[in-house]
Amino acid sequence: MTTERTTRGGEQQATEPTRGLPGRDRPRGTRRDRPRGAARRAAALAGLAALLAGAALAACGAAPPRLQPVFPAGPVAEKPRGKILFVLSAAREQTLGDGSKRATGTFLGEFYEPYLALTGAGHEVVFATEGGAAPAIDPESLDEKYWEDEAQRAEARRFVERAPQLRAPLSLKQARAAADGFDGIVVPGGQGVMIDLLDNADLHALLAHFAVKDRPVGLICHAPAVLTRMQQPNPLSRRTVTSVSSFEEFYIETFVMGAEAKVRDIGELLEESGYEHEAAFPGNAHALRDCNLVTSQNPFSTGRFSALYLEALADYRRGARCATGGRP
């Protein structure tokens, strides 16, 4: 699959169009004037054309995983299927770069589809949020364009309305205290992640705990942004990851949100933090596994994400540990 990728040394392969956006060191208010209305739509379409043309001429193939699962030399008893911790956002409102506000939360399909896959495979899922508040669901994620199956969309909405485990989730502090009782962790995406989870110390500690124990860590769409706020180095540092692409961010801001998010350019932030970031064409299904770390790009990637995460769980249950592959 052709991917967009910018290496940490600055060499670009199958890159997205450069939009002249500054790095994190420049104050947000000094960015160039943002196009509005028809001009903004024209810029979006021109950017997409440049992206597709540039990617078609670039080299193919994703970077190999940095770490590989290594199994015990002798036979070991397979661990039974255990509990998986899902960390959801409880943030219900987001302030955008222009000061306007919008409803936000967890993206429904990005938690419900992996939830179905894991529970269907015999794993128990336990939910946690900041403070133990009921999770919020981003209204945008209810739109039918994000769902292939209308019946599943209706089922997901009923689950959110009726599931008792969503009315009283664990707090992140409680989840942190009980971390050894879980086989893995999943953080679905949505702009809500950027409000109450991005700088959450308990979540950072949970991710580091699971990583050092070689237990699967799953981060979906916007959730890989949390890696950029963790203390570096950490057990997940320098991994190969994917996340929402900068063009997808730009498209959503233009046609859905109406203004820029305060924290954006997640792929660039991951590169600046030492991760190898890759993204497929906008709207394509794309997920990556780097040993026990599984990341995915957008709401259309949950099927691929779920398959890779279940694969990582199966390896963990068979005693796999993460060891350095052929990359520095």
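Counting from 1, the numbers follow the sequence of the chain as shown. Given the structure is predicted, the values throughout are model-derived calculations rather than measurements.
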Hydrophobic cluster membership, M230 vs L85, 4.5 Å side-chain cutoff: yes

Between Y309 (side chain only) and I185 (backbone N and O only), is there a donor and an acceptor less than 3.5 Å apart? yes

Walk me through it: do Q94 and M257 pass the test side-chain contact (heavy atoms from CB on, under 4.5 Å)? CA-CA 10 Å; Q94 173 186 22; M257 297 164 60; 3.9 Å; yes

Single-linkage hydrophobic cluster, 4.5 Å side-chain cutoff, V263 and L207 together: yes

Output field: ring centroids F86/F111 closer than 6.0 Å: no

Side chain W147, main chain A154, donor-acceptor under 3.5 Å: no

Side chains of E110 and Y115, donor plus acceptor under 3.5 Å: no

Among the clusters formed by ILVMFWY side chains lying less than 4.5 Å apart, do V193 and I220 turn up in the same one? no

For the student: nearest non-hydrogen atoms of G189 and C221, plus distance: CA-CB, 4.4 Å

Checking E113 against T302 for the side-chain hydrogen bond (donor to acceptor under 3.5 Å, both in side chains) test, could you report, in this order, the C-alpha distance in whole Å, the side-chain angles of both residues, the deciding distance, and whether it holds? CA-CA 7 Å; E113 292 181 34; T302 49; 2.5 Å; yes

Given L219, which partner from the list V241, L293, V226, V294 fulfils the side chain to side chain contact (heavy atoms under 4.5 Å, CB included) test? L293

Nearest 0.5 angstrom please: C291 SG to Q68 CD, how far? 7.5 Å

Among pairs that include at least one residue of residues 82-93, which meet salt bridge (Lys or Arg N to Asp or Glu O under 4.0 Å), considering only residues two or more places apart or in two chains? none

Is a donor on one side and an acceptor on the other found under 3.5 Å between the side chain of S296 and the backbone of A287? no

side-chain hydrogen bond (donor to acceptor under 3.5 Å, both in side chains) with S89: of D196, T129, T104, N200, only one passes, and it is D196

Taking atom types as modelled, is there a side-chain donor on N298 or S301 under 3.5 Å from an acceptor on the other? yes

Can you list every pair that meets disulfide bond (SG atoms under 2.5 Å apart) and has a residue in residues 81-172, with sequence neighbours left out? none

Look only at the side chain of D183 and the backbone of G82, and say whether a donor-acceptor pair between them is shorter than 3.5 Å. yes

Which distance, rounded to the nearest 0.5 Å, do you find between the CD1 of I137 and the CZ of F159? 9.5 Å

Going by atom types only, do Y112 and Q152 share a side-chain donor-acceptor pair under 3.5 Å? no

Is E150 salt-bridged to R153, cutoff N-O under 4.0 Å? yes

Atom CZ of R167 with >12 non-hydrogen neighbours under 6.0 angstrom: yes

Which atom names give the shortest non-hydrogen contact between N284 and A280, and what distance separates them? CB-CB, 4.2 Å

Stepwise salt bridge (Lys or Arg N to Asp or Glu O under 4.0 Å) test for R102 and D138: CA-CA 10 Å; R102 68 179 291 270; D138 192 320; 3.5 Å; yes

For L96, is there any backbone N or O sitting under 3.5 Å from a side-chain donor or acceptor partner on S100? no

Would you call R264 and E253 a salt bridge, using N to O less than 4.0 angstrom? yes

Verify, without hydrogens or angle tests, whether N234 (side chain) and S237 (backbone) share a donor-acceptor contact under 3.5 angstrom. yes

Taking V217 as the starting point, is it possible to reach L88 by hopping between hydrophobic residues whose side chains are less than 4.5 Å apart? no

I need the E278 CD to S245 OG distance, nearest 0.5 Å. 13.0 Å

Are D180 and H209 close enough that a side-chain donor and a side-chain acceptor fall under 3.5 Å? yes

Can you tell me which residue pairs pass the side chain to side chain donor-acceptor pair (under 3.5 Å) test with a partner in residues 310-319, sequence neighbours excluded? E78-R317, R215-Y316, R289-E311, R289-D315, D315-R318

Does the side chain of Q191 pick up a donor-acceptor pair with the side chain of H222 at under 3.5 Å? yes

Might you work through the side-chain contact (heavy atoms from CB on, under 4.5 Å) test for K213 and F182, ending with a clear yes or no? CA-CA 11 Å; K213 298 281 189 180; F182 299 101; over 6 Å; no

Taking the six-membered ring for Trp, is the centroid-to-centroid distance between Y146 and F107 below 6.0 Å? yes

Flag, side chain of E268 to backbone of D265, donor-acceptor distance under 3.5 Å: no

Side chains of T242 and H277: is there a donor and an acceptor less than 3.5 Å apart? no

Looking just at side-chain N and O atoms, do R239 and N292 make a donor-acceptor pair shorter than 3.5 Å? yes

Heavy-atom nearest pair, S171 first then G131, reads CB-C, 3.8 Å

Mind checking the CZ-CG spacing from F127 to L166? Nearest 0.5 Å is all I need. 5.0 Å

Is V186 reachable from L172 through a run of I, L, V, M, F, W or Y residues, each pair having side-chain heavy atoms under 4.5 Å apart? no

So, Q297 versus E248: side-chain donor-acceptor pair below 3.5 Å or not? yes

